[in-house]
Amino acid sequence: GATEAPAEPGGSPKRSRWAPPTLPTEPSLYDGPFPFYRRPAEEGRFSLDAQRRYHPDARQLRYFAPPPAEHPDPAFDLRHGYRDRYVRRDESQREGLEHLLQWVAGNRDRLRAQGDAAGRPVNADFVTWRGHLTKVLTTPYESQEGWLLAVSLFRGTLYVSEVETPAARQQREQRSDMLQELAYMGYKFERYMCADTPDGSPDPTGVVNTNEAFCTVVRTRLGSHSLLFAGEVDCTDPRGAWPEAPACYVELKTCKELHSPAQRKSFYRHKLIKWWAQSFLPGVSRIVAGFRAPDGSVAALETFETMKIFQLIRGDRGCWKPAVCMNFCEAFLAFLKRVVTEDDPQ
Ligand code: 0WD
Ligand code: CA
């Protein structure tokens, strides 16, 4: 609601009430043609090791090494190691944009050399994590989870970082053992599907350590907004149909086994939107899903080509639309440019 604000310097004395700027999120308002989205180009890569230390290289990159059949044989045991072979990242440590900014700092000369008409040290309108943009993309269809982003204008570039909401914090701190095990199963699935070397085989006996990460930094453009963002990717498939980064990356996901057309429809409506948004943004071409059986095994594997997901959902009238997500994101970025205008190095 509108709140009483101190008189704005230089503002009209008649404007005694100040209302915070708002942007509507109803999907129907963004239902137009798909906006321009430039093919994402990989600008760099970095890794975080088992101690969460930053390295300006691809040492944590893993290689896609799926089992030969669509049905894993021998069976994957996604619960294996949850109690005794799991090192968890300390999620109470809020990292913000830290590692991404480390990459930016390490590539200062290169970024400057790219030249910028406005003379900015970083030739991009926005710098952020991919995950934050994923949340923006899905906002028109999200009724459960809110988010909070902090935006700072620094030398012509808007830096967008997430602030944990009280609700998210409460959820994180009170996460049930069952939900924690489900999260572990997702990481364990990666261990069964990835090798450490291009010709290696997966070694699922090792410790799952969620401090480890490999991130790609991509550059792209949405409408009139240039973007530089980083995202954590699971593995690469240099022998696949798209050998070049970022299309060579494969996103791995787990999901409860689907038993009926109604369950599949619900999965398309509520879960696939997040999978699509996350992989579409950085140009990751494939998502490989492992469908979990009640005993913690993987009953089936299924590959989703990111660019073909819209075909799966377009027959369902009540479903989400990729164009709505992207048009909303474009409007949101324009909104940020209107609202965050003070470039203050302090
Ligand atoms: O400070 C924090 N609480 C956060 C840190 C919140 C969100 C992300 N991060 C960190 C991640 O640890 C990682 O270094 O940012 C980087 C990932 O950024 P992103 O790619 O922009 O994030 P997102 O697309 O949401 O997640 C990609 C993957 C996840 O894959 P799944 O399949 O679950 O979507 O990054 C991992 C996870 O594997 N990931 C995390 N790992 C550990 N702790 C976390 C987290 N909080 N969030 C995502
Ligand atoms: Ca994943």
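Both counts, for ligands and for their atoms, begin at 1 and track the order of listing.
Just one of Tyr249, Tyr54, Tyr63 meets the ring pair (Phe, Tyr, Trp, His ring centres under 6.0 Å) condition when paired with Phe214; it is Tyr249.
The contact set between ligand 1 and Gln278, taken as ligand atoms under 4.0 Å from a residue heavy atom, comprises 23 (P), 24 (O), 26 (O), 27 (C), 34 (O). The Arg89 neighbourhood of ligand 1 comprises atoms 1 (O), 2 (C), 3 (N), 4 (C), 5 (C), 12 (O), 42 (C), 43 (N), 45 (C), 46 (N), with distances under 4.0 Å to a heavy atom of that residue. Per-residue contacts place Glu95 under 4.0 angstrom from the following atoms of ligand 1 (heavy atoms of the residue considered): 1 (O). Each of the atoms 20 (O) of ligand 1 lies under 4.0 Å from some heavy atom of Gly231. Every atom of ligand 1 with a heavy atom of Arg130 under 4.0 Å away is listed here by number and element: 19 (P), 20 (O), 21 (O), 24 (O), 27 (C). Which parts of ligand 1 touch Leu48 is read off a 4.0 Å heavy-atom cut-off, strictly below it: atoms 14 (O). Listed by atom number, the atoms of ligand 1 under 4.0 Å from Ala230 heavy atoms are 21 (O). Which parts of ligand 1 touch Arg94 is read off a 4.0 Å heavy-atom cut-off, strictly below it: atoms 2 (C), 3 (N).
Within Asp234, OD2 is the N, O or S atom that lies nearest to the Ca ion (ligand 2).
Ser279 places no side-chain N or O within 3.5 Å of a backbone atom of Thr306 that could act as its donor or acceptor partner. With Arg221 contributing its side chain and Ser224 its backbone, the two residues share a donor-acceptor pair below 3.5 Å.
For atom 6 (C) of ligand 1, no protein heavy-atom neighbour is present inside the 4.0 Å cut-off. Note that atom 48 (C) of ligand 1 has no protein non-hydrogen atoms nearby, at separations under 4.0 angstrom. Within the 4.0 Å cut-off (strictly below), no protein heavy atom is located near atom 29 (C) of ligand 1. Remark: atom 13 (C) of ligand 1 lies closer than 4.0 Å to at least one protein heavy atom.
Arg264 and Tyr268 are linked by a side-chain donor-acceptor pair at a separation below 3.5 angstrom, with hydrogens and angles left out of the test. No side-chain N or O of Thr197 forms a donor-acceptor pair with one of Asp199 less than 3.5 Å apart.
Of the N or O atoms in Cys215, none lie within a sub-3.5 Å distance of an N or O in ligand 1. Of the N or O atoms in His132, none lie within a sub-3.5 Å distance of an N or O in ligand 1. Annotation: Trp129 places no N or O atom under 3.5 Å from an N or O atom of ligand 1; distance criterion only.
Atom CD of Glu181 and atom CG of Leu78 lie 9.5 Å apart (nearest 0.5 Å).
Between Asp31 and Lys321 there is a salt bridge, since a side-chain N of the basic residue sits under 4.0 Å from a carboxylate O of the acidic one. Comment: Glu91 does not engage Arg172 in a salt bridge, judged by the lack of any side-chain N to carboxylate O separation of less than 4.0 angstrom. The existence of a salt bridge linking Glu98 and Arg52 is excluded, since no basic side-chain nitrogen approaches an acidic carboxylate oxygen closer than 4.0 Å. We find that Glu212 and Arg62 are not joined by a salt bridge, their nearest charged nitrogen and carboxylate oxygen being 4.0 Å or further apart. For Glu43 and Arg110, the salt-bridge test passes: some basic side-chain N is under 4.0 Å from an acidic carboxylate O.
Checking Gly186 against the Ca ion (ligand 2), every N/O/S atom stays at or beyond the 3.0 Å cut-off. Among the backbone and side-chain atoms of Glu251, an N/O/S atom is found under 3.0 Å from the Ca ion (ligand 2).
For an aromatic pair to be called close, the ring centres must be under 6.0 Å apart, and Phe280 with Phe310 fails this. Aromatic ring centres of Trp320 and Phe328: separated by at least 6.0 Å.
Ligand 1 is approached by Arg52 to a heavy-atom distance shorter than 4.0 Å. Contact between Ala183 and ligand 1 is absent, with no heavy atom of the residue lying under 4.0 Å from the ligand. In this structure, Phe229 does not count as a contact residue of ligand 1, since none of its heavy atoms falls inside 4.0 Å of the ligand.
The proximity of Glu232 to ligand 1, defined as any non-hydrogen pair under 4.0 Å, involves the side chain as well as the backbone. The part of Glu91 lying near ligand 1 is the side chain, judged by heavy-atom distances below 4.0 Å. Counting heavy atoms under 4.0 Å from ligand 1, residue Glu251 touches it through the side chain alone.
Closest approach of Thr220 and Phe229 over heavy atoms only: CG2-CE2, 3.6 Å. Nearest heavy-atom pair, Ala289 versus Phe304, reported as atom, atom and distance to 0.1 Å: CB-CE1, 3.9 Å.
Nearest protein heavy-atom contact of atom 38 (O) of ligand 1 is Tyr187 CE2, 3.6 Å. In this structure, atom 33 (O) of ligand 1 lies nearest to the protein heavy atom Lys253 NZ, 4.3 Å. Remark: minimum distance from atom 25 (O) of ligand 1 to any protein heavy atom is reached at Gly131 CA, 3.8 Å.
Aromatic ring pairs are classed by plane angle as parallel below 30°, tilted from 30° to 60° and perpendicular above 60°; the pair Tyr82 and Tyr184 is tilted.
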